[in-house]
Amino acid sequence: MKKILCAVLGGFVLLSANTSFAKSDAALLKEAEKNVVTIAQAKKLSDESGVTIKGKITKHISGDDFELKDTTGTIVIDVDDDLWKPMQLKVGDKVRVVGEVDTHRIKPTDIDVIHIERTK
């Protein structure tokens, strides 16, 4: 019985330890403040890096996905609808994006947006 209890408790400890690896929004914002990069540079960064990127929206792909372009290339940004709908984000808007690099095995790197604002 003790072995079963230890195994169950050990499993809970491992599960809770895995959730502690994700960075908080506050930590990402602090990192992104120091990490102002181009799209080409962002594509080379490691997963979960906080970044700030400026560019122009060139396409609304679908749902929360938009294409962002700067002088170095393009990248898909994932902007939750509670961020993009109130500001009526559209193609042609120049924006400053604060977010997290999201690398994938199969699809290209994109940015999960935490904060977005229009620029001039």
Side-chain angles (χ1 to χ4, degrees):
M1 184 67 175
K2 286 184 181 181
K3 288 182 181 180
I4 293 172
L5 183 60
C6 285
V8 170
L9 289 175
F12 284 125
V13 168
L14 288 174
L15 285 174
S16 64
N18 283 340
T19 59
S20 66
F21 290 119
K23 294 179 185 175
S24 69
D25 280 356
L28 282 169
L29 289 170
K30 189 173 184 177
E31 182 179 4
E33 189 177 297
K34 299 175 187 175
N35 211 8
V36 179
V37 297
T38 65
I39 289 172
Q41 291 169 325
K43 288 180 176 182
K44 295 177 185 176
L45 293 174
S46 61
D47 193 40
E48 297 184 2
S49 295
V51 294
T52 300
I53 302 172
K54 290 182 181 179
K56 183 177 183 179
I57 301 295
T58 56
K59 185 188 293 185
H60 183 186
I61 298 167
S62 68
D64 293 345
D65 292 338
F66 294 82
E67 183 179 77
L68 183 69
K69 180 178 181 173
D70 70 5
T71 58
T72 67
T74 62
I75 196 165
V76 172
I77 58 172
D78 181 358
V79 189
D80 288 340
D81 58 359
D82 63 327
L83 295 175
W84 75 264
K85 284 185 177 180
M87 68 183 290
Q88 299 176 345
L89 187 64
K90 63 188 179 307
V91 172
D93 286 347
K94 292 180 182 179
V95 294
R96 178 179 162 271
V97 172
V98 177
E100 175 181 20
V101 174
D102 193 8
T103 61
H104 306 279
R105 289 186 180 183
I106 299 171
K107 67 180 191 171
T109 297
D110 61 13
I111 304 294
D112 286 331
V113 176
I114 298 169
H115 176 77
I116 186 168
E117 61 188 26
R118 280 193 182 88
T119 61
K120 294 183 180 191

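In this structure His115 satisfies the ring-ring contact (aromatic ring centres under 6.0 Å, His included) test with no other residue, sequence neighbours excluded. Partners of Ile116 by side chain to side chain contact (heavy atoms under 4.5 Å, CB included), not counting sequence neighbours, listed by chain and number: Ile77, Val79, Leu83, Met87, Leu89, Val95, Val97, Val113.
Ring-plane geometry between Phe66 and His60 is classed as parallel, the angle between the planes falling under 30 degrees on a 0 to 90 degree scale with a further cut at 60.
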Working for side-chain contact (heavy atoms from CB on, under 4.5 Å), residues Asp78 and Asp102: CA-CA 10 Å; Asp78 181 358; Asp102 193 8; over 6 Å; no
Working for side-chain contact (heavy atoms from CB on, under 4.5 Å), residues Leu68 and Thr58: CA-CA 6 Å; Leu68 183 69; Thr58 56; over 6 Å; no
Criterion side-chain contact (heavy atoms from CB on, under 4.5 Å) on Lys43 and Ile75, from CA distance to verdict: CA-CA 8 Å; Lys43 288 180 176 182; Ile75 196 165; 4.0 Å; yes
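Side-chain contact between Ile39 and Thr74 is absent, with no heavy-atom pair separated by less than 4.5 Å. The shortest distance between side-chain heavy atoms of Asn35 and Leu45 falls below 4.5 Å.
Annotation: salt bridge (charged side-chain N to carboxylate O under 4.0 Å, His left out) contacts involving residues 61-71, sequence neighbours excluded, are absent.
Proximity of a side-chain donor or acceptor of Thr52 to a complementary backbone N or O of Ala32 within less than 3.5 Å is detected. At least one donor-acceptor pair closer than 3.5 Å links the side chain of Thr72 to the backbone N or O of Ala40. Distance alone, capped at 3.5 Å, places no donor-acceptor pair between the Asp112 side chain and the Glu100 backbone.
Follow the hydrophobic side-chain contacts under 4.5 Å out from Leu28 and you never reach Val51; the two are in separate clusters. Residues Val98 and Trp84 fall into different hydrophobic clusters, defined by Ile, Leu, Val, Met, Phe, Trp and Tyr side chains chained together at heavy-atom separations under 4.5 Å.
Summarising the local packing, CD of Glu117 is surrounded by more than 12 heavy atoms from other residues, nucleotides or ligands at distances under 6.0 Å.
Separating the CZ atom in Arg118 from the CD atom in Gln88 is a distance of 7.5 Å, to the nearest 0.5 Å. Atom NZ of residue Lys59 and atom CD1 of residue Ile57 lie 12.5 Å apart, to the nearest 0.5 angstrom. Rounded to the nearest 0.5 angstrom, Gln41 CD and Ile53 CD1 are separated by 9.5 Å.
Summarising the geometry of Thr103 relative to Ser46, their closest heavy-atom pair is CG2-C, 4.5 Å, with the distance given to 0.1 Å. In terms of heavy atoms, Gly99 sits closest to Ile111 at CA-CG2, 4.0 Å.
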